[in-house]
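Please read the structure below before turning to the comments.
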Amino acid sequence: MTDQPATSAVERRNLADADLTRAVETSFETTPDPRLREVMQALVRHLHAFASEVELTEDEWFAAIDFLTRTGHKCDDKRQEFVLASDVLGLSMLVIGINHRHPSGATESTVFGPFFVEGSPAFENGDDLANGAPGIPCHVHGMVRSVDGEPVPGARIEIWQADEDGLYDVQYAELDEPRGRGHLHADDEGRYSFWTVQPEAYPIPVDGPVGELLEATRRSPMRPAHIHFMVTAPGYQTLITHVFDEADEYLDTDAVFGVRSSLLTTFDRHDGGTAPGGRTMSGPWSSTEFDLVIAPD
Ligand code: BEZ
Ligand code: FE
């Protein structure tokens with residue numbers, strides 16, 4: 001006979017409701033890793049409480065299994081439907097909130113989203129990372145600072161965003177080069193600047209099970225206009241965030257609950273004239289300033 005771990009003393013026959021929950025919880029008592037034990041036991045308690053509360057029917061349970069199966073089938077190296085599901089359920093923002101209780105004044109974090117791509121092109125401060133993306137030219141600048149107010153020279157800043165049609169470069173089947181994305185480094189005084197296009201609001205991908213869920217529940221798929229930033233520097237926590245256009249109509253209905261008031265910025269509108277870097281503008285353009293504040297490790 002092989003050695004069996006000591007399992008529960010709780011009887012596993014004829015169990016219903018609370019006794020069943022208790023037996024399943026107890027079955028995890030053998031888990032050597034205490035954190036895994038805690039997480040699994042709490043998960044069982046909450047899943048059982050949920051099914052009991054709504055008196056889940058068998059059809060509903062099968063529908064849920066089908067939803068999860070189709071969510072998995074929708075995933076590939078370019079599409080993560082489970083992350084999208086987590087985003088629209090507010091779970092992503094809840095986990096971010098739990099794990100990023102930054103001390104004193106660091107820029108708040110928000111969802112990563114599915115459109116980050118490794119290996120973005122490198123730019124110098126002042127460059128234009130639009131690379132032909134359609135939209136009104138937009139100049140963005142600011143400082144990277146530590147929570148103590150000191151500049152962080154050399155901090156690496158990754159930027160990615162949608163164009164005026166609300167599309168990321170990776171959503172164009174025929175496009176094989178980056179547009180509206182890149183990375184640069186803060187200068188010796190911690191300053192950064194770049195040109196891009198004015199971001200516009202867009203719907204999250206709705207051609208999968210998550211889209212069906214939003215449709216069935218009459219929820220908006222829209223995200224307010226934003227630019228994504230990821231800031232890294234040795235000795236500092238990675239900051240993953242966005243800046244949002246404070247004039248956007250979808251700020252209070254963001255499909256993924258990612259808006260923080262501290263992340264709103266004004267995009268000033270201009271028409272022609274001379275723009276930063278001595279650029280002569282013949283039409284409309286915009287500009288904004290946003291400081292990125294990072295917390296030590
Ligand atoms: C985004 O901002 O890119 C995004 C975030 C969550 C879900 C879908 C898109
Ligand atoms: Fe986005």
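Both ligands and their constituent atoms are indexed starting at 1 by order of listing.
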At the Fe ion (ligand 2), OH of Tyr168 and OH of Tyr202 open up to roughly (10° bins) 100°
Q) Run the side-chain contact (heavy atoms from CB on, under 4.5 Å) check on Val197 and Gln161 step by step: do they pass? A) CA-CA 9 Å; Val197 292; Gln161 67 162 99; 3.8 Å; yes
Does this structure show an ion pair linking Arg79 with Asp207, if we count only N-O contacts that are shorter than 4.0 Å? yes
For Asp87, the atoms of ligand 1 under 4.0 Å from one of its heavy atoms are 6 (C), 7 (C)
Which word best sums up how the rings of Tyr202 and Tyr168 line up, parallel for under 30°, tilted for 30 to 60°, or perpendicular for over 60°? perpendicular
Would you check whether Arg223 has a nitrogen or oxygen atom less than 3.5 angstrom from a nitrogen or oxygen atom of ligand 1?
yes
Within the 4.0 Å heavy-atom cut-off, what Leu84 brings close to ligand 1 is side chain
Which of Thr265, Asp245, Asp268, Thr266 passes side chain to side chain donor-acceptor pair (under 3.5 Å) with Thr288? Answer is Thr265
Taken to the nearest 0.5 Å, the spacing of Phe194 CZ from His141 NE2 works out to 11.0 Å
Does either side chain, that of Thr57 or that of Asp59, offer a donor lying less than 3.5 Å from an acceptor on the other one? no
Atom 9 (C) of ligand 1: of Pro205, Pro114, Gly113, the nearest heavy atom sits on Pro114
Does any N, O or S atom in His242 come within less than 2.8 Å of the Fe ion (ligand 2)? no
Answer key: the N, O or S atom of His226 nearest to the Fe ion (ligand 2) is NE2
For His228, the ligand 1 atoms with a heavy-atom partner under 4.0 Å come out as 1 (C), 2 (O), 3 (O)
d(Ile294 CD1, Ile157 CD1) to nearest 0.5 Å is 9.0 Å
One finds that the ligand 1 atoms under 4.0 Å from a non-hydrogen atom of Val256 are 6 (C), 7 (C)
key: 4.0 Å heavy-atom contact, Tyr168 with ligand 1   = yes
field: Thr110 versus His242, side-chain donor and acceptor atoms under 3.5 Å
entry: no
Q. Does Tyr202 come within less than 4.0 Å of ligand 1, judged by its heavy atoms?
A. yes
